[in-house]
Participant: 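Following this message is one structure expressed as structure tokens.
Please read these numbers as outputs of a predicted model, since none were measured by experiment. Each chain gets a letter, A, B and so on, in the order its sequence line appears, and its residues count up from 1.
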There are 2 protein chains.
Amino acid sequence: MTSDVTAGRAPSIRDVARLAGVSHQTVSRVLNASPSIRDETRARVLDAMESLQYRPNRAARMLVTSRSRAIGILTSNRVHYGPSSSVMAIEEAARAAGYAVVTASLPSSEPEAIIAALDHLLDQAVEGLVVIAPQTRVFDALASLSIRVPYVTMQSTERDEWHALSVDQITGARIATRHLLELGHRSIYHLTGPQDWIEAEARMRGFLAEMSDWDVPTTAPILGDWTADFGYRAGKELLRFRDFTAVFSSNDQMALGFLHAVRDAGLDCPGDISIVGFDDIPEAAHFAPPLTTVRQDFPELGRRCVALLLGQLEGEPGTRTPSCRSSWYGRRRRHRLASARASAPRSRQPLPTRDGVELTASRGRVLH
Amino acid sequence: MTSDVTAGRAPSIRDVARLAGVSHQTVSRVLNASPSIRDETRARVLDAMESLQYRPNRAARMLVTSRSRAIGILTSNRVHYGPSSSVMAIEEAARAAGYAVVTASLPSSEPEAIIAALDHLLDQAVEGLVVIAPQTRVFDALASLSIRVPYVTMQSTERDEWHALSVDQITGARIATRHLLELGHRSIYHLTGPQDWIEAEARMRGFLAEMSDWDVPTTAPILGDWTADFGYRAGKELLRFRDFTAVFSSNDQMALGFLHAVRDAGLDCPGDISIVGFDDIPEAAHFAPPLTTVRQDFPELGRRCVALLLGQLEGEPGTRTPSCRSSWYGRRRRHRLASARASAPRSRQPLPTRDGVELTASRGRVLH
DNA sequence: GACGGGCATGTGACGCGTCACATCCGCGCC
DNA sequence: GGCGCGGATGTGACGCGTCACATGCCCGTC
């Protein structure tokens, strides 16, 4: 008796039900695609929804199902190509699966900041977490909060194998390293990312493994912070001695800075010093000289993250492998991949490909 | 009588109330910092919350208050420095204000994609929207959905003035242009971004205005897409004629590509052709040569977006100006600015500053 | 000593989509 | 004709934090 025509309130299933001449439960069944609804009834309900501009109340559904259908992304606040692209892909994949994405970025890597960010996400009742950040620290913070939410990262750690993700950074790093070795380089420096980034560690491991396979002695990797500024400073420092002929940088930004230092030293990049980067950021082809780098399929990585996470959310916790292949998701993914490929106007020639990683020779130029 | 000790259910205020020996309403009052609670009672309740690991149920609160305390960000899916940094800042500012951020990126700029993304955000019951994307199209989509959610963009349009934001891109573009003019250049090309990006339009307007002030004739701006690849292609094309001596690029990526083309043509950048970029991405200092560019304070921009949006959300709709200055927010913002400044290890020298925009001379090098 | 006022706290209803269960209808069967 | 069955639909309760209102209490006041 209370609610009249155009109340201030948003329409609820009861409003729809009244208009369609059915019970609110029937409306609910239509919403949930229950099979036991006559087509004619369903049509009437849908009409009523349409004319009322009905939108299900997320809060109410959440309350009763105690599922938020939201996942959280915890990112470092540094703006890098890889993480950003992954976030986009994660968001799209999650949306396609009917999940919302809530982000929290880390103003710093202090434990308190991490805990605050996690707390924020948990307040949003996220059902799962994708971590694109210093992973070991986040893991510690999660443990300290003692709240168990499924989460995935871009790469597995020793501590919990089941979060593994298979774009294989180790292989990518090996490819990059092998490339330099095949060019004849025997003293190669490695610029790595922050230690507690799993990606950095994996790439470093790949580098060391490949060097070891070739029986080439290595110097200690240089711990960087992903930035071009660091690459530049490192280059300035290392070039004072010139006890090397090649550098494998863990990402393209640091490689850019290093290139800068090489130019500053009056040296020639393909000639005197070879550099290989990692990530294949869109700008890499326009560095001076164009950078040889290892392409990472970040969107694919993001999509796999979501698939893995959703597999854990929907299936029983513990399974891990087949979740990536659940039918509805596989279909969408294939579609997206196809369209992405069609729209890519890249002019570089891919070199040997292997599980989502490839080495690119920038603009066809011989590798440097 | 039903719920015992450790049920499967998460604890509710009633559980807390029982443990603290008060009514559920008292617990609610503690949660909402009601003043009329005795300190001793509050302490008891807080203790109970602590020991139960109580976390307010977001859904229930949302349901009853019909406020989600979430804002949406609609971003283009291109990974650019400016948008990404803004998103981070928006997220942090929103979090500081107790809002969550839900993102939706646009796989394409097709109207359907925009509508789908908006729909997704509205499904999440976001209370407001920050748009970092082709803005005119989004506006159309919003209108077509006929759902009125407050939203802000990075810059005002003619259509709806009250979304204005004050990091002044026009001034920034004027500074860049003036710089080239002061160097003596009289034939200057402008590489602009996609037309329906407000930022692109504003920078173009600034360019044209400054040129006009100096009575220098202009050629039509070259419509780009923000990418380095485009800058490269544009450079290739333009350099066939060399009917210009300087270029003002709407962002640093396109400038990078252009620089590449200049090198390819065997020309010297400070000497033969001058280039000024826009954004001051962290990599700009390491281009060859280091790029002169206009720094944008994207984090500040993001923060202002949030302040503006929250002002609209919290205050009565219609007010616009003073909302940015609401006390709690001003305090936080100041704090964050201070810390950001302290941690910035930039080595460049800022040139004349004006409302969040400054021209940087990379590494002290004379401008090119 | 009765009354008004303010403070601290309690009571019950409410919102909205879902769940468990009830009801109704038509049909086939013995 | 009564019974059971299954499909389609309705009924009422529930979850949890908040709102509006009620209650109890202490204090001062005339």
Participant: Report the distance from atom CZ of Arg61(B) to atom P of dC19(D), rounded to the nearest whole Å.
Facilitator: 10 Å
Participant: Please answer whether the main-chain N or O of Ser68(A) pairs with a side-chain N or O of Arg58(A) as donor and acceptor at a distance below 3.5 Å.
Facilitator: yes
Participant: Within the pair Asn32(A) and dT18(C), is there a side-chain N or O less than 4.0 Å away from OP1 or OP2?
Facilitator: yes
Participant: Remember a base hit wins even if backbone is also touched, and classify Val27(A) as base, sugar-phosphate or nothing at under 4.0 Å, heavy atoms.
Facilitator: nothing
Participant: Give one of base, sugar-phosphate or nothing for Ser12(B), where a contact means two heavy atoms less than 4.0 Å apart.
Facilitator: sugar-phosphate
Participant: Is any side-chain heavy atom of Arg61(B) less than 4.5 Å from a side-chain heavy atom of Pro56(B)?
Facilitator: yes
Participant: Any carboxylate oxygen within less than 4.0 angstrom of a Lys/Arg side-chain nitrogen, looking at Arg69(B) and Glu127(B)?
Facilitator: no
Participant: For DNA chain D, whose closest nucleotide is more 5', that of Arg29(B) or that of Asn57(B)?
Facilitator: Asn57(B)
Participant: Take atom CD1 of Ile13(A) and atom C1' of dG15(C), then tell me their distance rounded to the nearest Å.
Facilitator: 11 Å
Participant: Between the side chain of Asn32(B) and the main-chain N/O of Ser34(B), is any donor-acceptor distance below 3.5 Å?
Facilitator: no
Participant: So which pairs with a foot in residues 107-120 of chain B pass side chain to side chain donor-acceptor pair (under 3.5 Å), sequence neighbours left out?
Facilitator: Arg55(A)-Asp119(B)
Participant: Within the pair Ser36(A) and dG6(D), is there a side-chain N or O less than 4.0 Å away from OP1 or OP2?
Facilitator: no
Participant: If you assign each of Ser28(B) and Leu63(B) to its closest nucleotide in DNA chain D, which residue comes earlier from the 5' end?
Facilitator: Leu63(B)
Participant: Below 4.0 angstrom from OP1 or OP2 of dG17(C), is there any side-chain N or O of Tyr54(A)?
Facilitator: yes
Participant: Would you mind checking if Glu92(B) and Arg95(B) are paired as a salt bridge, meaning a charged N to carboxylate O distance below 4.0 Å?
Facilitator: no
Participant: Would you indicate, yes or no, if dG17(C) has its OP1 or OP2 atom less than 4.0 angstrom from a side-chain nitrogen or oxygen of Arg14(A)?
Facilitator: no
Participant: Would you say the side chain of His24(B) and the base of dT18(D) hold a donor-acceptor pair, judged only by whether the two atoms sit under 3.5 Å apart?
Facilitator: yes
Participant: Using the rule given for side chain to side chain donor-acceptor pair (under 3.5 Å), can you reason through Glu91(A) versus Ser105(B), listing the C-alpha separation, both sets of side-chain angles and the distance that settles it, and then say yes or no?
Facilitator: CA-CA 7 Å; Glu91(A) 187 276 312; Ser105(B) 52; 2.6 Å; yes
Participant: May I ask you to verify if any side-chain N or O of Thr26(B) is less than 4.0 angstrom from the OP1 or OP2 atom of dA8(C)?
Facilitator: no
Participant: Any ion pair linking Arg18(A) and Asp15(A) (charged N to carboxylate O, less than 4.0 Å)?
Facilitator: yes
Participant: To the nearest 10 degrees, what angle separates the axes at the start and end of the helix from dG1(C)-dC30(D) to dC30(C)-dG1(D), five pairs each?
Facilitator: 60°
Participant: Does Ile37(A) offer a backbone N or O that forms a donor-acceptor pair with the side chain of Thr41(A) under 3.5 Å?
Facilitator: no
Participant: Can you list, in residue-number order, the parts of residues 37-48 of chain B that come under 4.0 Å of DNA chain C, counting heavy atoms only?
Facilitator: Ile37(B), Arg38(B), Thr41(B)
